[in-house]
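Within every chain, numbering begins at 1; the chains are lettered A, B, ... in the order of the sequence lines, protein sequences first and strands thereafter.
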There are 2 protein chains.
Amino acid sequence: MVRYSALDRTFAALSDPTRRDILDRLAQGPATLGELAQPYDMTLPGLMKHVRVLEDAQLVVTEKKGRTRECRLGAEQLDDAAQWIDAYRRRWERRLDRLEGYLERQKGAPR
Amino acid sequence: MVRYSALDRTFAALSDPTRRDILDRLAQGPATLGELAQPYDMTLPGLMKHVRVLEDAQLVVTEKKGRTRECRLGAEQLDDAAQWIDAYRRRWERRLDRLEGYLERQKGAPR
């Protein structure tokens, strides 16, 4: 009964350093699978697994061009992930503010 | 040869909706494992697995208090995760700006 939301797939895709590296590389421009594989001590099938995870998360799009496959950044631009983190931090900061207010009032209260 | 960095653990911990829910709940204040389990159709051991993943990522701290275990938010406040996403988006936007500049110049160039 496991349902994977877009946010699950985004965070899971980002949880691997090779996949974060691939995104960094593609932020500079499109690259073929062979070009992406170059910096890593990794087989092409190994790299393709990572690319597929990024494709599932819509972070990367691939397109067959002749005998190569070109990869570029996809539609998902991490906005939802950034929003989730920001909202969480705001809630947590509000809680800290409330706690601080409470401690201040305790200090001011007669003993 | 797999090495898990703090960032890997943070993103992996955030890739599950139950774990994101638990963080949301704890942003409102500490809770026991039993209290955390209540909203879910989940056994206590099932919930504890999620809590352990959050503990490994330093997103949650747990402490035995008598017969219960209290959970609260930990030291890791998602700053690194937010910074990674922000830096990535900036690089990607810079690339789009460059691309736009290039297309503008092409338009202005004599045919």
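Within a 6.0 Å sphere centred on CD of A:Glu70, heavy atoms belonging to other residues, nucleotides or ligands number more than 12. By the neighbour-count criterion of 12 heavy atoms within 6.0 Å, atom CD of A:Glu55 is densely surrounded, having more than that number from other residues, nucleotides or ligands. No more than 12 heavy-atom neighbours from other residues, nucleotides or ligands sit within 6.0 angstrom of NZ on A:Lys65.
For the set A:Glu93, A:Arg20, A:Arg91, A:Arg19, the entry with the most heavy-atom pairs within less than 4.5 Å of chain B is A:Arg20. Of the listed residues (B:Asp79, B:Leu14, B:Leu78), the greatest number of heavy-atom pairs within a distance under 4.5 Å of chain A belongs to B:Leu14. Per-residue heavy-atom pair counts under 4.5 Å with chain B were compared for A:Thr10, A:Asp86, A:Leu7, and the maximum is reached by A:Leu7.
Atom OH of A:Tyr88 sits about 4.0 Å away from atom CG of B:Leu73, to the nearest 0.5 Å.
Minimum interatomic distance between B:Ala12 and A:Ser15 (heavy atoms only, all atoms of both residues): N-CB, 3.5 Å. Looking at every heavy atom in both residues, B:Asp8 comes nearest to A:Pro17 through OD2-CD, 3.2 Å.
A:Trp92 and A:Trp84 end up in the same hydrophobic cluster when Ile, Leu, Val, Met, Phe, Trp and Tyr side chains are linked at under 4.5 Å.
Scanning residues 23-52 of chain B against chain A with a 4.5 Å heavy-atom cutoff picks out B:Leu23, B:Asp24, B:Leu26, B:Ala27, B:Gln28, B:Gly29, B:Pro30, ordered by number.
For B:Arg94, no part sits under 4.5 Å from any heavy atom of chain A, backbone or side chain. Contact of B:Arg89 with chain A is made through the side chain alone, with heavy-atom distances under 4.5 Å.
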